[in-house]
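For the numbers below, each heavy atom of this structure counts, side chains included, while hydrogens, waters and symmetry mates do not. First the proteins, then the strands, lettered A, B, ... as listed; each starts at 1.
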Amino acid sequence: MTIKVYNTLSRKKEEFIPRDKKVRIYVCGLTPYDYAHLGHAKTYVAFDVIIRYLEYRGYEVFHVQNVTDVEDKLIKRSKELQKNPLEIADFFFKDALKDFDRLNIKRASIYPKVSDHIEDIINFISRLIEKGYAYESNGNVYFEVKKFKDYGKLSHQSIKDIISGARVSIDENKRDPVDFALWKKAKEGEIFWDSPWGKGRPGWHIECSVMSTKYLGVPLDIHGGAIELAFPHHENEIAQSEAYYDKKFVRYWLHTGVLTVNGEKMSKSLGNFITVKDLLKKYNPMVIRLYLASIYYRSRADFSEENLESAKNSLERIYNAKRKLDEALKNPGDGSSLGDTVKRVKENFEAAMDDDFNTPKALAAYYDLVKEINRSADSASESQLLEAKKLFEDIGNVFGILMEEKKGDLEEKLIQLIVDIRDELRKRKDFEMSDKIRAKLREIGIVLEDGEKTTWKKSL
RNA sequence: GCCGAGGUAGCAAAGUGGCUAUGCGUCAGACUGCAGAUCUGAUGACGGGGGUUCAAAUCCCUCCCUCGGCUCCA
């Protein structure tokens, strides 16, 4: 069985065959000029699940994610705040990483910054000028789009179509309106570096071509990002990189669908964005994670609290099964058909994920396992339970949803003490008081479940 | 205007010619002192119209609607 991935370039699902066992993946990272929002989280969770699945499949993954710390928005922000743009970028980048850590998003292998690669960028641009793909004009350097014959192959548009979009800015320095900047001349008071063309800074796009190929070689196996970046950003990356290397830049282009709120794209310019930080105040990180991971990565999704509530209840269900499994392992039985289910679920899970990382379908398989655990764990044999536990954890880890917050030792002891005392009351049939205790505990997020033995858990 | 994605039950969301998707919700039953959890069952769907076919959510035509890109964006 091989994995199939939908390649934006061919608009088809293709067999995924990396250069070797080490998959080289580049995911477009942040321009950190503000707090990370849920749209960012959607994309990074999506690629995190993809990476985790590749690892599950036995690949080693080398993952590069850029940090665009030199960019127009940051410069604008630095003027507003009267601060160094690199410091602003550093602050928001570190902050975003903390948010992403809580969402259990694995860190990339490396996070190269534009400001650390100015020399590489200058060399790259110089070479493009030498090769006749770029030209200097009044302290700026532009890529001459017409020189690159394949321009438009990713977004499947001709140069003519792009121009007729009529929103291409006319700039007298450019030979053609579709040309884009590789190097921008610095204005008074702006951050700059010296270059053969004077004081200035890199344009947007070029950093990704330079840093991705520097750390991953050419071609990259996977280049990922949100679909909104396909044009012009990724189109321009292809032009620069293939002009430079004279060979294919990326083998598989993977794009995530955008997140909308009330039907509109979540973006800073619309002011409708929800920061990860704010949402984390209200919801358990694993709830947010499950919500995001359950979206098929290529799909758009409309955010609502209702969806999060639904994810919360689903996650409760998953965690309940986990507890059930652990309980059953303390006192295994000698039978049940759990083993058959495990085999079937594993197959279904893998088939779903192999088919372009179809997480909704893969989750359906997971719920099959959850149901069967609830149904038959009590009578299952130890070996069956261990098999089930292994699969339960393997799948849960691909989704990245099993990072439960640790209970404090003291907390644990105190609650158990209350439960024991309440048990005494129940034996005396003082249900009024024991119900009151249960209700009060629930108010502070501790859920008691009376069965043969009373158990407790924290609500999500 | 051009390019792309989509419209599936109360909500979310797979499926893409014949086989119960799934989760949340709601209702009922079992279990329980009750509640919860869990199980069992029920509930209910393929945007409108036309066509192809023994058979269409799935293929074709047509119309309507939504979202994304074409401008900074994950």
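Look at A:N262 and you won't find any side-chain N or O under 4.0 angstrom from OP1 or OP2 of B:rC67. Residue A:R300 has no polar side-chain atom (N or O) positioned under 4.0 Å from OP1 or OP2 of B:rG6. Phosphate contact (OP1/OP2 of B:rC24, side-chain N/O of A:N307, threshold under 4.0 Å): absent. Between B:rA14 and A:S299, a contact under 4.0 Å exists linking OP1 or OP2 to a side-chain N or O.
Minimum atom distance to the side chain of A:Y367 is reached by B:rG23, of the listed B:rA74, B:rC24, B:rG23. Distance from the side chain of A:E228 is smallest to B:rG69 among B:rC24, B:rG69, B:rU22. For A:K265, taking side-chain heavy atoms from C-beta onward, the closest of the listed nucleotides B:rC72, B:rC24, B:rG69 is B:rG69. Distance from the side chain of A:K73 is smallest for B:rC72 among the nucleotides B:rG69, B:rA21, B:rC72. Picking from B:rA74, B:rG68, B:rC3 the nucleotide with the shortest atom distance to the side chain of A:Q157 gives B:rC3. Here B:rA74 is the nucleotide among B:rG69, B:rA74, B:rA14 with the atom lying nearest to any side-chain atom of A:T43. When each of B:rA74, B:rC24, B:rC3 is scored by its nearest atom to the side-chain atoms of A:Y44, the top-ranked nucleotide is B:rA74. Side-chain proximity of A:E71 to the nucleotides B:rC11, B:rA14, B:rC72 is greatest for B:rC72.
Between A:R201 and A:E190 a salt bridge is recorded (basic side-chain N to carboxylate O distance below 4.0 Å). Residues A:K94 and A:D90 are paired through a salt bridge, judged by an N-O separation under 4.0 Å between the basic side chain and the carboxylate. Checked for salt-bridge contact, A:D48 and A:R52 meet the test: a charged N lies under 4.0 Å from a carboxylate O. In this structure, A:K389 pairs ionically with A:E393, as a charged nitrogen and a carboxylate oxygen lie closer than 4.0 Å. Using a 4.0 Å cut-off between a side-chain N of Lys or Arg and a carboxylate O of Asp or Glu, A:D356 and A:R298 qualify as a salt bridge.
Atom CD in A:E264 sits roughly 12 Å away from atom C1' in B:rU66 (whole-Å rounding).
Taking the P atom of each, B:rG47 and B:rA14 are spaced 14 Å apart, rounded to whole Å. Straight-line distance between the P atoms of B:rA74 and B:rU26: roughly 39 Å, to the nearest whole Å. B:rG23 and B:rC64: their P atoms are spaced 38 Å apart (whole Å). Straight-line distance between the P atoms of B:rC63 and B:rC54: roughly 28 Å, to the nearest whole Å. The separation of B:rG33 from B:rA45, taken at their P atoms, amounts to 39 Å, rounded to a whole angstrom. The same atom, C1', is picked in B:rU40 and in B:rG18; the two are 29 Å apart, to the nearest Å.
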Subject >> Steps toward side-chain contact (heavy atoms from CB on, under 4.5 Å) verdict (A:L154, A:W253) >> reply: CA-CA 9 Å; A:L154 181 69; A:W253 283 96; 3.8 Å; yes
Subject >> Residues A:D354, A:Y53; criterion side chain to side chain donor-acceptor pair (under 3.5 Å); working and verdict >> reply: CA-CA 9 Å; A:D354 281 351; A:Y53 186 65; 2.7 Å; yes
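When each of A:T260, A:N262, A:V261 is paired with A:N272, the side-chain contact (heavy atoms from CB on, under 4.5 Å) condition holds for A:V261 and for no other.
A:T256 comes within 4.0 angstrom of no nucleic acid atom, judged by non-hydrogen atoms across all strands. Residue contacts shown for A:I295 are absent, as no nucleic acid heavy atom lies under 4.0 Å away.
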Original post:
Could you write out RNA chain B as a dot-bracket string, with dots for unpaired bases, | for bases paired across to another strand, and Watson-Crick or G-U pairs counted at under 3.5 Å?
Top reply: (((((((..(((.....[...)))((((((.......))))))...(((((..]....))))))))))))....
**OP:** Would you mind building the protein contact string for nucleotides 34-45 of chain B? One character per nucleotide, 5' to 3', B for base within reach (heavy atoms under 4.0 Å), S for sugar-phosphate only, - for untouched.
**Re:** BBBSSSS-----
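With 3.5 Å as the limit, one finds a donor-acceptor pair spanning the side chains of A:R11 and A:H156.
The nearest heavy atom of RNA chain B to A:E432 and to A:A311 marks one nucleotide each, and the one closer to the 5' end goes with A:A311. If you find the closest nucleotide of RNA chain B to A:Y291 and to A:G39, the one lying nearer the 5' end belongs to A:Y291.
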Sequence neighbours excluded and cut-off under 3.5 Å, please list the side-chain donor-acceptor pairs for residues 427-436 of chain A, or say none.
unit_1 : atom_1 : unit_2 : atom_2 : d
A:D430 : OD1    : A:M433 : N      : 3.2
A:S434 : OG     : A:D430 : O      : 3.1
A:S434 : OG     : A:F431 : O      : 3.3

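Stacking between A:F431 and B:rG33 is present: the aromatic ring centre lies within less than 5.5 angstrom of the base six-membered ring centre, and the two planes differ by under 30 degrees.
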